[in-house]
Amino acid sequence: MDEPMSDAVITRFAPSPTGFLHIGGARTALFNWLFARATGGKMLLRIEDTDRQRSTPEAISAILDGLSWLGLNWDGDTIYQFARAERHRQVAHDMLARGRAYRCYATAAELDEMRERATAEGRPPRYDGRWRDRDPAEAPAGVEPVIRLKAERDGETIVDDIVQGRVVIPNKDLDDLVLLRSDGNPTYMHAVVVDDHDMNVTHIIRGVDHLTNAARQIQIYRALDWVVPQMAHIPLIHGADGAKLSKRHGALGVDAYRAMGYLPEALRNYLVRLGWSHGDDEIFSTEDMTRLFTLPAIGKSAARFDVAKLENVNGHYIRTTGNEQLLETIEQALPHLPAGPAFLAAWTDEFRRRFLKALPGLKERAKTLNDLLDMASFMVAPRPLRPDEKAARLLDSDGRDRLSAIVPVLESISPFDAATIEARLKSHVETTGMKLGQIAQPLRAALTGRAMSPGIFDVLEALGQSESLARIKDQAA
RNA sequence: GCUCCCGUCGUCUAGUGGUUAGGACACCAGCCUUUCACGUUGGGUACACGGGUUCGAAUCCCGUCGGGAGCGCCA
């Protein structure tokens, strides 16, 4: 190991563009990003598109979009693995020349049979190495060979992992993996090693599902006499029921979380706590995370994805974000939210101003941006409102009478702001010997169509005097 | 089947031989209150099981059970 100690940290996030950026991938990216930030290093992005059939441009842009939305920026240009195929071929042929790899002419049918027999005999399904030492002169005509690694057969391979510790894999359980396919294109296993080396990656941070791959890749490094990067295999995220998070099982793309009204900083905060901890701390600003994050503090056991916790964290960030900033966040999110169109249609400067006034009352009650918009839907609801069941009950004859009685009071209020309205309404309530709730609830029902809403004085102000009166008259009649 | 990894409240976790096993989310109850939230006070709930080692184990060892991952010319 002649790795210079002065080397700056270089991590990489290496997704395969066969689908969206799911929550597990997002966390892997986050950990890579945090570690790079925490150490003053760099995070590179490499798209693993050597599977030409399954890689799509749509998936690539979804991944890039997802990372950008999450605020996980990468250093340098995005690297596309397939573009480096020539280099991969060159390395494989070099290994061939040095006797560390060999051509294998086994057919797919032979391979299948090999696996079937091994399974039947209770052995692990492995390639048996039949072309390992065979004379290429015996090669059957018309079969394009693959190039396989001449793997070590005895002993064991040790993965010295920052998270998993020292993991020992018997070499007999590793077979001669394919480096180059018969069409001359590299396999993932080979491309990863060559690229990580060429990109000077110092730390490989990825899911534990790659742990046994790590042993195979280490053998390739050794065949190449290359320095093996540090590795950190992080635990996976499971669904709420403990089952693996798969596409059909709750593993949504990060774009789905954006559409559900989660804030990127909330998602980051939630995600970083899945597997990583820092004492009893729960809330971490981005600055906190990048300062405190370390690899050894990552646990080894898988975590379940808990929406309730995510919602709580999200609510925390909604509540604590400044009004003007939150408003800008909402404006940016609107195109992605289900309720977006209704608000976009109403979004004039005047509306924006009133929305901002209503925001403090709104954000206190929302766990997601969608909650917030739902709570604010009275602002864009067309007259006459159709009260829901509970609201309708508040608008019985007593309630309507009280509303009628309040109309002249409201008409006389100027300026029509929350503080003035509150003062006038409270004195009205006092003189009539009622409780505030007796007037507030019917008002709420008439103004919002619901039995719950932000503070009623704020609602009045947000709606404005004429709209408020109109809504009250709609119901009081 | 084989190899590897994991196992503290329902969930995320703190804990590294001596703690009344802590925090957070969720849940229940009270307070606050114009509703709902927020806030606040209090409450119940956990060391998978069985053996060791030790004066003493959530912490160390072994086994069992449970969960997960990997075993492709996918990544």
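Protein chains get the first letters and strands the later ones, always in sequence-line order, with residue 1 at the start of each.
The base of B:A75 lies close enough to the side chain of A:N213 for a donor and an acceptor atom to sit less than 3.5 Å apart. For B:G22, its base sits under 3.5 Å from the side chain of A:D280 at one donor and acceptor pair at least. For B:C73, its base sits under 3.5 Å from the side chain of A:S182 at one donor and acceptor pair at least.
No contact: A:A297 has no heavy atom under 4.0 Å from any strand. Counting any heavy atom pair closer than 4.0 Å across all strands shown, A:S55 reaches no nucleic acid atom. A:R206 comes within contact range of no nucleotide atom at all, as no heavy-atom separation falls under 4.0 Å.
If you look at A:Y102 and A:W131, their ring centroids are not closer than 6.0 Å. Aromatic ring centres of A:Y262 and A:Y317: separated by at least 6.0 Å.
Of the candidates B:C73, B:C4, B:C71, B:C73 carries the atom nearest the A:V146 side chain, counting heavy atoms from C-beta on. Minimum atom distance to the side chain of A:E282 is reached by B:A24, of the listed B:U13, B:A24, B:U3. The side chain of A:T50 lies closest to B:A75 when the candidates are B:A75, B:C4, B:U11. Distance from the side chain of A:R273 is smallest for B:C12 among the nucleotides B:C6, B:C12, B:C2. The listed nucleotides are B:A75, B:U3, B:U11; the one nearest the side chain of A:D173 is B:U3. With B:G68, B:C5, B:G7 as the candidates, the nucleotide lying closest to the side chain of A:H238 is B:G68. The side chain of A:I169 approaches B:C4 more closely than any other nucleotide in the set B:C25, B:A75, B:C4.
For A:R126, there are no side chain to side chain donor-acceptor pair (under 3.5 Å) partners at least two apart in sequence or on another chain. The side chain to side chain donor-acceptor pair (under 3.5 Å) search around A:K300 returns none, not counting sequence neighbours.
Regarding contacts with the backbone of B:A26, a side-chain N or O of A:N312 is found under 4.0 angstrom from either OP1 or OP2. One finds a side-chain N or O of A:S277 lying less than 4.0 angstrom from the OP1 or OP2 phosphate oxygen of B:A14. A close approach under 4.0 Å does occur between a side-chain nitrogen or oxygen of A:R115 and OP1 or OP2 of B:C73.
The pair A:K357-A:D417 does not count as a salt bridge, with every side-chain nitrogen at least 4.0 angstrom from each carboxylate oxygen. The residues A:D195 and A:R12 are annotated as not salt-bridged, no charged nitrogen and carboxylate oxygen being separated by less than 4.0 angstrom.
Spacing between B:U45 and B:A21 at atom P, rounded to whole Å, works out to 13 Å. B:G39 and B:C4 have their C1' atoms separated by 48 Å, given to the nearest Å. B:U8 sits 15 Å from B:G68 when the P atoms are compared, rounded to a whole Å.
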Checklist entry - Reading nucleotides 27-49 of chain B from the 5' end, what letters show protein touch, with B for base, S for backbone sugar-phosphate only, - for no heavy atom under 4.0 Å? => result -------BBBBSS----------
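In this structure, the side chain of A:N171 engages the main chain of A:D154 through a donor-acceptor pair within 3.5 Å.
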